[in-house]
Participant: 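Mind having a look at this structure? Questions to follow.
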Amino acid sequence: MTDTTNRIKILPENISNKIAAGEVVQRPASVLKELLENSIDAEAKNIDVFIKAAGKTLIQIVDDGNGMSESDALASIERHATSKISTIDDLDAIRTFGFRGEALSSIKSVSKVEIKTRENNNELGTSLSIDEFGVKIEKGNFPKGTSISVKNLFYNTPGRRKFLKANPTELKHITDTFKRIALSYPSISFKLWNNDEIIFDFSSSELSGRIKQVIADNIFEGIIEVEEKTEFLNIIGYVAKPTFLKKSKGEQFLFVNNRFVVNRTVNHAVFSAYSHLLEKGEYPFFVLFLELDPQNVDVNVHPAKMEIKFDDEKNIYNFVKAVIRKSIGQYDLVPNIGFENSENTSTILKQENEEYVTKGDFSDRPNSSMNYNRNENKGIYKEDEIDLLFSNINPNMKKEVTNSNSKHPFEDNVYQHSSNISDENSEQNSSSFLISLHNKYILSPIKSGLMVIDQHVAHERILYDKAINSFDVDIPFSQQLLFAEEVKLDPADYDLLKSINTYLNQLGFELKFKKKNIVVINGVPSDVKSGFEVETLNGIIKEYRINEEEKHLEERDNLAKSFSCKTAIKAGDKLTEQEMRVLVDQLFATTMPYVCPHGRPIIIKIPLGEFDKRFGRT
Ligand code: ADP
Ligand code: MG
């Protein structure tokens with residue numbers, strides 16, 4: 001055997017660069033990301049981006065940062081050239097920020113790159129034109145900073161060029177990347193031109209101002225500020241108000257240590273903080289910045305991957321969920337309604353008419369304090385907080401409720417709750433009252449004006465929470481019927497009931513499935529009005545089907561919604577004052593008293609100032 005050929009070859013640099021480029025540069029947006037990050041690292045205050053053909057023919061970034069000397073500029077395009085890591089100790093920086101000194105060398109291997117750059121203390125700047133034949137260097141009078149143009153991306157790798165998507169898709173990737181970076185550096189001003197038309201112009205701003213610029217002005221009325229600082233983790237940002245969920249497009253921005261990332265744990269924590277307000281497939285809007293020791297974050301070193309993992313996902317989950325809940329609870333979520341709008345119900349619900357109530361305005365509701373161990377089903381408010389909130393309508397409750405023989409879904413809670421009412425509360429406002437408006441709305445004077453509660457949706461919220469709770473604790477509470485009811489169903493409904501019978505059972509239904517599609521109702525949840533057992537069951541089946549087909553709700557959520565909708569008192573049902581009190585109190589013991597499970601408001605508030613205005617007192 002005289003095989004002397006070397007089988008192992010060192011790859012020529014241009015080939016290894018192309019391979020590296022496959023990792024770093026996947027599409028125009030990835031070039032944009034790398035170049036923007038370089039400009040930010042160079043301390044630029046103004047960054048202008050020019051795009052042509054969705055970045056396929058041109059991506060140019062012009063910054064006013066530190067610039068580069070001629071030798072640095074030449075070095076910058078070499079593989080593993082970086083000014084950001086020099087010793088092995090800096091290697092952790094790779095883990096945290098992903099500096100690999102590979103961006104420019106990769107980009108230049110798959111496109112034609114031109115760099116014009118000048119440092120502040122140099123009068124003359126340097127221009128480099130780079131293509132497959134080499135580098136052309138020129139000196140010139142350039143503005144301070146760096147301009148890098150990347151032309152004809154993938155011109156020499158047709159396979160990759162073919163892989164690119166149509167312009168609208170690539171442009172979407174570009175604008176997404178641009179927005180994410182702009183959000184994480186609000187003090188830098190960013191502009192983006194697409195085919196000579198300016199599409200984003202973000203002036204230097206605070207985070208809140210940048211959010212307005214990036215997300216759209218009008219969303220600001222519908223979002224809540226989030227801020228919590230601990231030794232372990234800081235979190236700041238904004239989330240959608242529960243009353244705004246349906247109207248806000250669910251865009252999510254998560255930044256960890258100021259880098260845009262994707263993490264399912266955080267997404268899920270935010271989602272669950274809204275306590276059953278969201279349906280499967282719906283996501284709340286949020287912009288959140290988490291800050292924690294980079295040692296506790298596992299950033300994928302792959303430059304194009306955005307998924308990260310936390311060492312302690314469980315703690316992060318609990319923390320984020322608690323903070324978001326607290327933030328939701330800290331705001332006055334009750335829409336303030338002016339009379340001008342009262343004729344048109346559709347405008348009432350529009351967020352534009354909702355007054356943005358700041359943290360200072362807590363004349364009639366308390367701050368909720370953070371409590372990580374709080375029982376989920378107890379809601380976001382502590383009981384004394386609820387009492388305080390409704391101090392002016394609660395005073396007589398204890399006596400009345402304990403004397404009452406009527407059945408209430410949360411009977412036990414009501415007793416507990418009432419016994420907590422402090423003496424202090426019972427002293428004030430003993431004359432306050434609840435009034436029914438057309439057996440539809442409950443009116444109640446509160447310190448800041450008049451509160452109006454929709455009785456049907458209020459009850460719906462109470463029953464919904466109760467249903468969800470009963471699935472979790474699994475101790476059915478059933479009301480036995482004196483005379484069992486028999487219903488003949490159509491076969492499909494019969495099968496449906498059979499398939500969800502476990503859950504129906506947990507709610508308190510006791511059904512027996514006989515032959516010939518006959519169902520015997522032996523017991524029902526205590527909330528079902530007596531004499532209406534069959535009607536209610538049929539209503540639930542109907543509603544369940546609608547939810548299933550239109551909203552693709554998950555079984556339990558669907559049943560809880562169908563049940564609460566069909567069992568709740570209706571608009572037009574007459575309530576005694578005592579029943580109204582119980583309803584109001586139970587409402588405030590739920591997880592989310594302001595919004596019904598379908599996202600409709602439960603309570604609105606007419607501020608005293610509104611009355612003053614109407615009566616010419618101001
Ligand atoms: P990395 O950012 O990982 O260091 P890059 O290939 O992206 O690697 O950049 C290489 C080097 O080029 C950077 O470390 C920096 O010194 C220099 N550089 C790149 N872009 C700019 C810029 N816009 N302004 C100043 N220096 C830059
Ligand atoms: Mg870089």
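Read the numbers this way: they start at 1 and go in the same order the structure lists the ligands and their atoms. Index from 1, following the sequence. Just so it is clear, the structure is predicted and the values come from calculations on it, not from any experiment.
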Participant: Taking only residues two or more places apart in sequence or in another chain, which ones pass side-chain hydrogen bond (donor to acceptor under 3.5 Å, both in side chains) with Lys314?
Facilitator: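 Partners of Lys314 under the side-chain hydrogen bond (donor to acceptor under 3.5 Å, both in side chains) test: none.
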Participant: Regarding ligand 1, does Asp41 bring an N or O atom to under 3.5 Å of one of the ligand's N or O atoms?
Facilitator: no
Participant: For the pair Arg556 and Asp472, find out whether any cationic side-chain nitrogen is under 4.0 Å from an anionic carboxylate oxygen.
Facilitator: yes
Participant: One residue to check: Asp63. Relative to ligand 1, which of side chain, backbone, both or neither has a non-hydrogen atom less than 4.0 Å away?
Facilitator: side chain
Participant: So among Thr265, Val226, Val270, Leu254, which one has a side chain to side chain contact (heavy atoms under 4.5 Å, CB included) with Val320?
Facilitator: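 With Val320 as partner, Thr265, Val226, Val270, Leu254 yield a single side chain to side chain contact (heavy atoms under 4.5 Å, CB included), made by Val270.
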Participant: What residue pairs, at least two apart or across chains, pass side-chain hydrogen bond (donor to acceptor under 3.5 Å, both in side chains) with a residue in residues 43-60?
Facilitator: Glu43-Asn66, Asn46-Asp64, Asn46-Ser189, Lys56-Asn167, Gln60-Ser147
Participant: Have a look at Glu37, Glu102, Met68 and point out the one with the heavy atom closest to atom 27 (C) of ligand 1.
Facilitator: Met68
Participant: Against heavy atoms of Ala103, which atoms of ligand 1 measure under 4.0 Å?
Facilitator: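 Here the atoms of ligand 1 in question are 5 (P), 6 (O), 7 (O).
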Participant: Has ligand 1 got any nitrogen or oxygen that is less than 3.5 angstrom from a nitrogen or oxygen of Leu104?
Facilitator: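 Leu104 vs ligand 1: N/O contact under 3.5 Å present.
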Participant: May I ask whether Glu34 places a heavy atom under 4.0 Å from ligand 1?
Facilitator: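 No; Glu34 lies far enough from ligand 1 that no heavy-atom distance drops under 4.0 Å.
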Participant: If you count the atoms of ligand 1 from 1 in the order shown, which ones are under 4.0 Å from a heavy atom of Ala42?
Facilitator: 24 (N), 25 (C)
Participant: Is the closest N or O pair between Ser105 and ligand 1 shorter than 3.5 Å?
Facilitator: no
Participant: How close do Gln252 and Phe286 get, counting heavy atoms only, and between which atoms?
Facilitator: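 Smallest interatomic distance, heavy atoms only, reads CG-CE2, 3.0 Å.
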Participant: Which ligand 1 atoms does Asn38 reach within 4.0 Å, using its non-hydrogen atoms?
Facilitator: 2 (O), 5 (P), 7 (O), 9 (O), 19 (C), 20 (N), 21 (C)
Participant: Under 4.0 Å between a side-chain nitrogen and a carboxylate oxygen: does that hold for Glu70 and Lys139?
Facilitator: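 A salt bridge is present here (some side-chain N lies under 4.0 Å from a carboxylate O).
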Participant: So, are Glu227 and Lys229 salt-bridged, with charged N and O less than 4.0 Å apart?
Facilitator: yes
